[in-house]
There are 2 protein chains.
Amino acid sequence: MPETLQERVARLIRDSLGEPGSALPSEAELVDRYGASRNTVRAALAALEAEGLITSSQGRTRRVRQIHRWEWKMAEWERAHNNDGDAWANTIKAQGGIPKNDLSILTIQAPAEVAKALQIPEGTPIQARNRLRWVNDEPHQLSDSYFPPFVTDGNELFWNPSDLGVQGGLLAATGHKQARWHDTLTARMPSTEESQRLMMAPGTPLLVHTRVGYDAEGRPVRYMVTRMAADRVEVSYDLDA
Amino acid sequence: MPETLQERVARLIRDSLGEPGSALPSEAELVDRYGASRNTVRAALAALEAEGLITSSQGRTRRVRQIHRWEWKMAEWERAHNNDGDAWANTIKAQGGIPKNDLSILTIQAPAEVAKALQIPEGTPIQARNRLRWVNDEPHQLSDSYFPPFVTDGNELFWNPSDLGVQGGLLAATGHKQARWHDTLTARMPSTEESQRLMMAPGTPLLVHTRVGYDAEGRPVRYMVTRMAADRVEVSYDLDA
DNA sequence: TTATCTGGCTTGTTGGAACAAGTTGCTTCG
DNA sequence: CGAAGCAACTTGTTCCAACAAGCCAGATAA
């Protein structure tokens, strides 16, 4: 099967990309250079954008995309979390970034996925803590935590929004210290809403992390889902034999 | 800023998507239904495809995409790996899948990324073990391992390709048992080559896992990079406080 | 009955054109 | 000198048209 013209143009452009941040030729020049129509050139450029290689916006020349990832240390993080303050913020600060936090607390009816993780009936009223984290005034991740009723019931502490970033500490403070965690990681393309909220460039996947925390008795005390722009973060774990 | 026509059409189609696997209306019908040109309808459909919501191929009607992810247990995996056979294959079998393995062994000059991880000079000749793993005759992941010279030198075992899936066991057998690991996870869009090798559908990101294994003396004895089709796998970790 | 073929469906590729809208730098005016 | 404004770029949106190519089912032939 022969290569189509737009594939050929895409390949030629891809191979001629310069340094990150450098400008691409304009569409008009690419039309001249490769003898293809603007439609074809634009199809090729759209493919490169979907691969996450270039950026584009109306009026400005396209540029080679540049990415920097912040490391998020998962193993350290939660253990520290059981004790002191916002370990995520500390991780970012240690890498020279300025972290920020938006938190909203609400009561919802447990959706299927949450109910399954927390081993409670679907529709049970539970507390959700939805967090939007920023680094250098750039939105970074949407981190939503859910707690089962037996943990939050009668605990005023859980309704205090000034207690930033310390859900682990919150659990420890209320006698439900986490003893074990089960994490999953996968990736998918963002919905339009997620893309807008995280100000994600086209061609950027979403890295999705879930964590279920269990207490010493093995009961799930917390379910957390974190959605991150994959070009801005790298998750890490340290393991021992 | 008003919604463009193709955005509007994309949104309307997105909201009318049926069950996974169900067929979409043809382009011609969408043109009629929304009063937009074929170009515009196709732009909307391309956006949905880039979001990973639908599939398309020439001649066949588009369908709502359906995904199933296999779990890959990272924490268990390597610890078992230090001892017995192919733990990855066992994990897949336990979930009802049929695993398969392609292995090729070669000597390369350490590229920058590998050299940094193994703490050796760039360009050092090292052994690379490139693995392609399948599940149910579907390509699943590209897993490349690299070993520093002091581990492989004079060890015939490392050149035996029949010893599938036991690099951890290989290290243990040759006196370089791994004591600690450092993992990182991130995601990006695949290159065309990766997309072809893994037979990935458009709109599917690549989940990239790296692991550096250290021996008891803290020397890196192995660097592994695994690239997975994100719609076919979910990585998991179990952690203790 | 079975295998083949063909016509009519589907999506894919490529061209053309016109206008809209955002950016940038130069020129001109106060 | 500074600010406003304009001209000339850039990419974005939307239409139209024609043909290529893959798929499938029903009709036809062995």
Side-chain angles (χ1 to χ4, degrees), chain A residues 1-14 16-18 21-65 192 195-196 199-203, chain B residues 1-14 16-18 21-65 192 195-196 199-203:
Chain A
M1 65 209 76
E3 188 181 42
T4 65
L5 181 53
Q6 50 191 263
E7 281 169 355
R8 182 181 137 80
V9 172
R11 181 171 51 78
L12 292 172
I13 298 176
R14 191 185 299 113
S16 71
L17 290 179
S22 64
L24 271 74
S26 73
E27 291 177 5
E29 189 175 328
L30 294 171
V31 165
D32 284 351
R33 186 179 301 178
Y34 299 117
S37 72
R38 183 150 97 108
N39 274 348
T40 302
V41 167
R42 282 180 63 81
L45 290 167
L48 297 186
E49 191 172 0
E51 290 173 24
L53 297 177
I54 62 176
T55 62
S56 71
S57 77
Q58 192 172 117
R60 268 181 300 205
T61 70
R62 273 171 252 254
R63 296 190 170 272
V64 179
R65 215 164 131 194
T192 46
S195 186
Q196 280 168 19
M199 300 201 308
M200 293 170 70
Chain B
M1 66 211 74
E3 188 181 42
T4 65
L5 181 52
Q6 51 191 263
E7 283 169 353
R8 183 181 136 79
V9 172
R11 180 172 51 77
L12 291 172
I13 298 176
R14 192 180 7 249
S16 70
L17 290 180
S22 64
L24 271 74
S26 72
E27 291 177 4
E29 190 175 327
L30 294 170
V31 165
D32 285 350
R33 186 178 302 177
Y34 300 117
S37 72
R38 184 150 94 108
N39 274 350
T40 302
V41 167
R42 281 178 65 81
L45 290 168
L48 297 186
E49 191 172 0
E51 290 172 25
L53 296 178
I54 61 175
T55 62
S56 72
S57 76
Q58 194 172 109
R60 267 181 302 203
T61 70
R62 274 172 251 253
R63 296 190 169 273
V64 178
R65 215 163 131 196
T192 46
S195 185
Q196 281 167 17
M199 301 201 308
M200 292 170 70

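Proteins come first, then strands; the chains are lettered A, B, ... in the order of their sequence lines, and each starts at number 1.
- In terms of heavy atoms, B:E51 sits closest to A:T192 at OE2-CG2, 3.8 Å.
- The overall bend of the helix from C:dT1-D:dA30 to C:dG30-D:dC1, read as the angle between its terminal helix axes built from five base pairs each, is 0° when rounded to 10 degrees.
- With rounding to the nearest 0.5 angstrom, the CZ atom of A:R63 is 15.0 Å from the CZ atom of A:R65.
- Residues A:R8 and A:E3 are not paired through a salt bridge, judged by the lack of any N-O separation under 4.0 Å between the basic side chain and the carboxylate.
- The side-chain heavy atoms of B:T55 and B:R60, taken from C-beta on, include no pair separated by under 4.5 Å.
- When all heavy atoms of A:V9 and A:A44 are compared, the pair lying nearest together is CG1-CB, 3.8 Å.
- Look at CZ on B:R63: it is 11 Å from P on C:dT11, rounded to the nearest Å.
- At least one donor-acceptor pair closer than 3.5 Å links the side chain of B:E7 to the backbone N or O of B:T4.
- Taking both residues in full, the closest heavy atoms of B:I54 and B:L45 are given as CD1-O, 3.7 Å, listed atom of the first, atom of the second, then distance.
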(request) Could you encode protein contacts along nucleotides 4-14 of chain D as a string, one character per nucleotide from 5' to 3', using B for base contact, S for sugar-phosphate-only contact and - for no contact, with a heavy-atom cut-off of under 4.0 Å? (result) ------BBBBS
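- Between A:Y34 and A:I13, some side-chain heavy-atom pair lies under the 4.5 Å cut-off.
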